Asks: 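Have a look at this one.
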Amino acid sequence: FLPKRILSMEIGRAPRVNGGFFQNYAGQRVCVVGQVLNQDGNTATIQCSDNNQVNVQMTPGSNYGSTFVEVVGIANADGSLGMREERFCDMGDNFDMGNYESFVQLANGKYGQLFAQ
């Protein structure tokens, strides 16, 4: 277990977003949870909690092993729905995207100050 201060220095700030927030974080590190629609070689398409589809440039050797994944990476600089993966975590085959969408909205709105660094 690493103290929060050290952990944030190692992985950097990664706000939890859906596809609708991508243009707000162009060129910045973000965290997306979504359903894997397809993966082919080093690219994947995941459907975010708001039903937008994000294209992920996967790190060589990555292989998403579950229906739902969390991906942390750098959003495309032009604000388009794409990102370059830095790391990922399989989230299993049963994940409530509706609840997660509610969380994303709160984390980027009413309770945003609790998640900002």
Side-chain angles (χ1 to χ4, degrees):
F1 175 77
L2 293 173
K4 183 179 179 181
R5 182 176 53 90
I6 294 172
L7 185 60
S8 67
M9 289 179 355
E10 287 185 7
I11 63 172
R13 180 177 181 268
R16 293 183 177 275
V17 300
N18 59 29
F21 288 109
F22 258 70
Q23 60 186 348
N24 298 347
Y25 294 98
Q28 298 177 51
R29 181 174 286 112
V30 294
C31 177
V32 175
V33 173
Q35 180 177 357
V36 179
L37 299 178
N38 63 56
Q39 59 180 318
D40 181 22
N42 288 336
T43 61
T45 303
I46 63 173
Q47 184 170 316
C48 297
S49 56
D50 65 350
N51 294 321
N52 279 304
Q53 294 181 10
V54 173
N55 297 312
V56 179
Q57 183 65 41
M58 299 165 67
T59 301
S62 288
N63 182 33
Y64 302 158
S66 66
T67 303
F68 297 95
V69 295
E70 175 186 76
V71 180
V72 175
I74 304 300
N76 288 351
D78 63 3
S80 63
L81 293 176
M83 65 189 297
R84 179 178 39 85
E85 173 203 296
E86 293 181 326
R87 62 183 171 83
F88 78 95
C89 178
D90 288 327
M91 300 294 284
D93 297 325
N94 186 16
F95 188 88
D96 190 326
M97 293 295 284
N99 281 343
Y100 189 76
E101 175 62 15
S102 295
F103 167 72
V104 168
Q105 293 298 326
L106 291 171
N108 286 279
K110 183 176 181 179
Y111 296 106
Q113 73 280 3
L114 296 175
F115 298 94
Q117 291 185 6

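These figures come from a predicted structure and were not determined experimentally.
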Asks: Which salt bridge (charged side-chain N to carboxylate O under 4.0 Å, His left out) pairs, counting each pair once, include a residue from residues 54-74, with sequence neighbours left out?
Replies: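 Sorted pair list: R16-E70.
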Asks: For residues 39-49, pull every pair meeting salt bridge (charged side-chain N to carboxylate O under 4.0 Å, His left out), keeping only residues two or more places apart or in separate chains.
Replies: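 Sorted pair list comes back empty.
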Asks: If you compare all heavy atoms of S66 against all heavy atoms of D90, which two are closest, and at what distance to 0.1 Å?
Replies: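 In this case the closest contact between S66 and D90 is OG-CB, 3.3 Å.
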Asks: Atom CG in N63, atom CE in M58: separation rounded to 0.5 Å?
Replies: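 Spacing of CG (N63) from CE (M58) equals 6.0 Å.
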Asks: Stepwise, does the side chain to side chain contact (heavy atoms under 4.5 Å, CB included) test hold for N99 with F103?
Replies: CA-CA 6 Å; N99 281 343; F103 167 72; over 6 Å; no
Asks: Testing the basics here: between A26 and A77, what is the closest heavy-atom pair and its distance to 0.1 Å?
Replies: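 Shortest heavy-atom contact: CB-O, 3.3 Å.
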Asks: Could I get the full list of salt bridge (Lys or Arg N to Asp or Glu O under 4.0 Å) partners for E101, not counting sequence neighbours?
Replies: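 Result, salt bridge (Lys or Arg N to Asp or Glu O under 4.0 Å) vs E101: none returned.
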Asks: If the condition is side-chain contact (heavy atoms from CB on, under 4.5 Å), which residues does Q53 pass it with, not counting sequence neighbours?
Replies: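 For Q53 the side-chain contact (heavy atoms from CB on, under 4.5 Å) partners, ignoring immediate neighbours, are L37, T45, Q47.
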Asks: Taking all heavy atoms of G61 and all of N42, pick out the closest pair and write down the distance.
Replies: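 The answer is N-OD1, 4.4 Å.
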Asks: Which pair of heavy atoms, one from D78 and one from S80, lies closest together, and at what distance?
Replies: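 Shortest heavy-atom contact: OD1-OG, 2.6 Å.
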Asks: Applying side-chain hydrogen bond (donor to acceptor under 3.5 Å, both in side chains), name anything that partners T59, two or more places apart in sequence or on another chain.
Replies: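 For T59, the residues satisfying side-chain hydrogen bond (donor to acceptor under 3.5 Å, both in side chains) (neighbours in sequence not counted) are E85.
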Asks: Using the test side-chain hydrogen bond (donor to acceptor under 3.5 Å, both in side chains), find all partners of T43 that sit at least two apart in sequence or belong to another chain.
Replies: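 side-chain hydrogen bond (donor to acceptor under 3.5 Å, both in side chains) list for T43, sorted by chain: empty.
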Asks: Could you pull out all residues at least two apart from N52 that satisfy side-chain hydrogen bond (donor to acceptor under 3.5 Å, both in side chains)?
Replies: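 N52 satisfies side-chain hydrogen bond (donor to acceptor under 3.5 Å, both in side chains) with D50 only.
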Asks: May I have all residue pairs that pass ring pair (Phe, Tyr, Trp, His ring centres under 6.0 Å) and include part of residues 25-53, sequence neighbours excluded?
Replies: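 Pairs touching residues 25-53 that pass the test: none.
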Asks: Sequence neighbours excluded, which residues qualify as side-chain hydrogen bond (donor to acceptor under 3.5 Å, both in side chains) partners of N94?
Replies: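 Result, side-chain hydrogen bond (donor to acceptor under 3.5 Å, both in side chains) vs N94: none returned.
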Asks: Residues two or more places apart in sequence or in another chain: which of them pass ring pair (Phe, Tyr, Trp, His ring centres under 6.0 Å) with Y64?
Replies: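 Applying ring pair (Phe, Tyr, Trp, His ring centres under 6.0 Å) to Y64 gives F88.
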Asks: Could you point out which residue of N108, V30, V32 forms a side-chain contact (heavy atoms from CB on, under 4.5 Å) with F21?
Replies: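 Checked N108, V30, V32 against F21; only one passes side-chain contact (heavy atoms from CB on, under 4.5 Å): N108.
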Asks: With side chains defined as the heavy atoms from C-beta onward, is the minimum distance between I46 and V56 less than 4.5 Å?
Replies: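 A side-chain contact under 4.5 Å exists here.
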Asks: For the residue pair A44 and Q39, what are the closest heavy atoms and their distance?
Replies: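 Shortest heavy-atom contact: CB-CB, 3.8 Å.
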Asks: Out of curiosity, R13 CZ to R29 CZ, how far, rounded to the nearest 0.5 Å?
Replies: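 So the gap between those two atoms works out to 11.0 Å.
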Asks: Who pairs with T67 by side-chain contact (heavy atoms from CB on, under 4.5 Å), at least two apart in sequence or on another chain?
Replies: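 side-chain contact (heavy atoms from CB on, under 4.5 Å) list for T67, sorted by chain: Q35, D93.
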Asks: Could you check whether any side-chain heavy atom of F22 comes within less than 4.5 Å of a side-chain heavy atom of N76, counting everything from C-beta outward?
Replies: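 Answer no - side chains too far apart.
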Asks: Kindly indicate, with the supporting measurements, whether the criterion side chain to side chain contact (heavy atoms under 4.5 Å, CB included) is fulfilled by I74 and E86.
Replies: CA-CA 7 Å; I74 304 300; E86 293 181 326; 3.6 Å; yes
